[in-house]
Amino acid sequence: MQYWLMKSEPDEFSIHDLKNRPGKTEAWNGVRNYQARNHIRDGMKAGDLAFFYHSSCEIPGIAGTMQILDKACPDPTALDKLSKYFDPGSDPANPRWYLVEVKFKKQFRRIITLTELREHRTLQEMNLLKKGSRLSVMPVTKKQWDYILGLE
DNA sequence: GCCAACGTTGGC
DNA sequence: GCCAACGTTGGC
């Protein structure tokens with residue numbers, strides 16, 4: 001069992017949107033960064049848990065939790081010419097981009113803001129808080145996971 | 001393989 | 001909207 005943090009712009013897709021999806025599940029598509037891809041494709045397993053992080057918005061922070069439903073599969077939007085995530089260099093015979101299905105677990109009573117996370121010494125090693133970090137999918141240690149749950 | 005130019009992310 | 005930091009592309 002591993003823990004993760006996944007970013008989404010709430011204007012595009014928020015935890016509220018996930019909660020309101022049929023079955024409360026969604027294909028987490030559109031990841032187009034190799035390091036993030038590797039975490040999805042090689043690291044994630046069914047049953048893993050992830051924080052849902054709201055980025056590029058008024059109050060960036062962790063909005064809740066979700067569960068990884070299955071191992072990764074190729075992201076079909078990479079091959080869809082009509083998708084904004086279309087990647088012309090992508091080869092159907094040798095998929096470049098992957099996605100996982102996620103399921104809503106919990107919406108926090110409040111957003112645990114980026115500013116607040118930075119105030120905690122225990123969390124200073126988090127990739128999220130490192131200068132210049134832009135990774136949209138990253139591992140979280142159990143210690144960090146438990147600590148953040150305790151902040152709600 | 002180097003690296004300049006360009007594109008993107010994402011906080012502020 | 002600005003811009004720092006990072007990733008990718010492509011000429012050489």
Side-chain angles (χ1 to χ4, degrees), chain A residues 2-21 26-44 48-68 71-141 143-145 147-152:
Chain A
Q2 280 190 259
Y3 302 92
W4 307 93
L5 181 144
M6 301 168 82
K7 298 181 184 175
S8 178
E9 300 186 17
D11 291 345
E12 296 285 330
F13 186 73
S14 71
I15 193 159
H16 188 253
D17 295 324
L18 178 60
K19 190 179 181 178
N20 288 303
R21 281 287 192 268
E26 178 78 355
W28 199 271
N29 57 25
V31 172
R32 296 292 180 268
N33 167 281
Y34 288 103
Q35 204 178 341
R37 187 278 313 270
N38 291 346
H39 287 315
I40 287 175
R41 188 190 59 183
D42 308 330
M44 289 187 172
D48 285 357
L49 296 171
F51 287 126
F52 193 130
Y53 180 87
H54 285 177
S55 67
S56 293
C57 58
E58 193 176 350
I59 306 170
I62 299 174
T65 60
M66 53 196 172
Q67 187 154 40
I68 310 304
K71 65 179 167 56
C73 65
D75 180 349
T77 64
L79 302 171
D80 178 0
K81 282 197 170 67
L82 299 179
S83 170
K84 64 180 170 180
Y85 300 126
F86 176 64
D87 173 17
S90 195
D91 172 8
N94 185 18
R96 179 183 288 178
W97 305 117
Y98 283 73
L99 61 75
V100 282
E101 287 281 336
V102 299
K103 177 161 188 165
F104 174 85
K105 190 167 170 67
K106 181 182 184 186
Q107 180 169 9
F108 291 158
R109 292 185 291 271
R110 63 189 185 88
I111 300 281
I112 300 174
T113 67
L114 179 62
T115 308
E116 180 180 350
L117 293 170
R118 289 194 194 285
E119 288 167 358
H120 294 273
R121 202 168 270 271
T122 308
L123 303 176
Q124 67 185 8
E125 291 304 313
M126 283 188 84
N127 186 311
L128 177 73
L129 305 181
K130 293 191 175 153
K131 189 180 177 187
S133 169
R134 306 186 321 193
L135 196 58
S136 64
V137 178
M138 66 189 77
V140 170
T141 66
K143 184 179 165 192
Q144 292 160 351
W145 178 270
Y147 187 83
I148 290 168
L149 287 183
L151 296 176
E152 188 192 351

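In what follows, every chain begins at residue 1, and chains take the letters A, B, ... in the order their sequences are listed.
A side-chain contact (heavy atoms from CB on, under 4.5 Å) with A:Asn29 is found for exactly one of A:Tyr85, A:Tyr98, A:Trp97, namely A:Tyr85. When each of A:Arg41, A:Met6, A:Lys71 is paired with A:Val100, the side-chain contact (heavy atoms from CB on, under 4.5 Å) condition holds for A:Met6 and for no other.
The side chain of A:Leu114 approaches B:dG11 more closely than any other nucleotide in the set C:dC6, B:dG11, B:dG10. Among the nucleotides B:dC12, C:dA5, B:dG11, the one closest to any side-chain atom of A:Arg134 is C:dA5. For A:Arg118, taking side-chain heavy atoms from C-beta onward, the closest of the listed nucleotides B:dC12, C:dG7, B:dG10 is B:dC12. With B:dG10, C:dA5, C:dT8 as the candidates, the nucleotide lying closest to the side chain of A:Lys131 is C:dA5. In this structure, the nucleotide among B:dG10, C:dG7, B:dG11 sitting nearest to the side chain of A:Asn33 is C:dG7.
Rounded to a whole Å, the NZ atom of A:Lys130 is 13 Å from the P atom of C:dG7. What separates CG of A:Asn127 from C1' of C:dC6 is a distance of 12 Å, to the nearest Å. Following rounding to the nearest Å, A:Leu128 (CG) and C:dC6 (C1') show an atom-to-atom distance of 15 Å. Distance CD (A:Glu116) to C1' (B:dG11): 17 Å, rounded to an integer number of Å. For the pair A:Met126 CE and B:dG11 P, the interatomic distance rounds to 13 Å; values are reported in whole Å. A straight line from CZ of A:Arg96 to C1' of C:dG7 spans 14 Å, rounded to a whole angstrom. The CG atom of A:Leu5 sits 11 Å away from the P atom of B:dG10 (whole-angstrom rounding). Between A:Tyr85 atom OH and B:dT8 atom C1' the separation is 13 Å, expressed in whole Å.
The line from CD of A:Glu12 to NE2 of A:His54 is 12.0 Å long, rounded to the nearest 0.5 Å.
Between B:dG11 and A:Tyr53, a contact under 4.0 Å exists linking OP1 or OP2 to a side-chain N or O.
Ion pairing of A:Lys106 with A:Glu152 is present here, as a side-chain N (NZ or NE/NH1/NH2) and a carboxylate O approach within less than 4.0 Å. In this structure, A:Arg96 pairs ionically with A:Asp87, as a charged nitrogen and a carboxylate oxygen lie closer than 4.0 Å.
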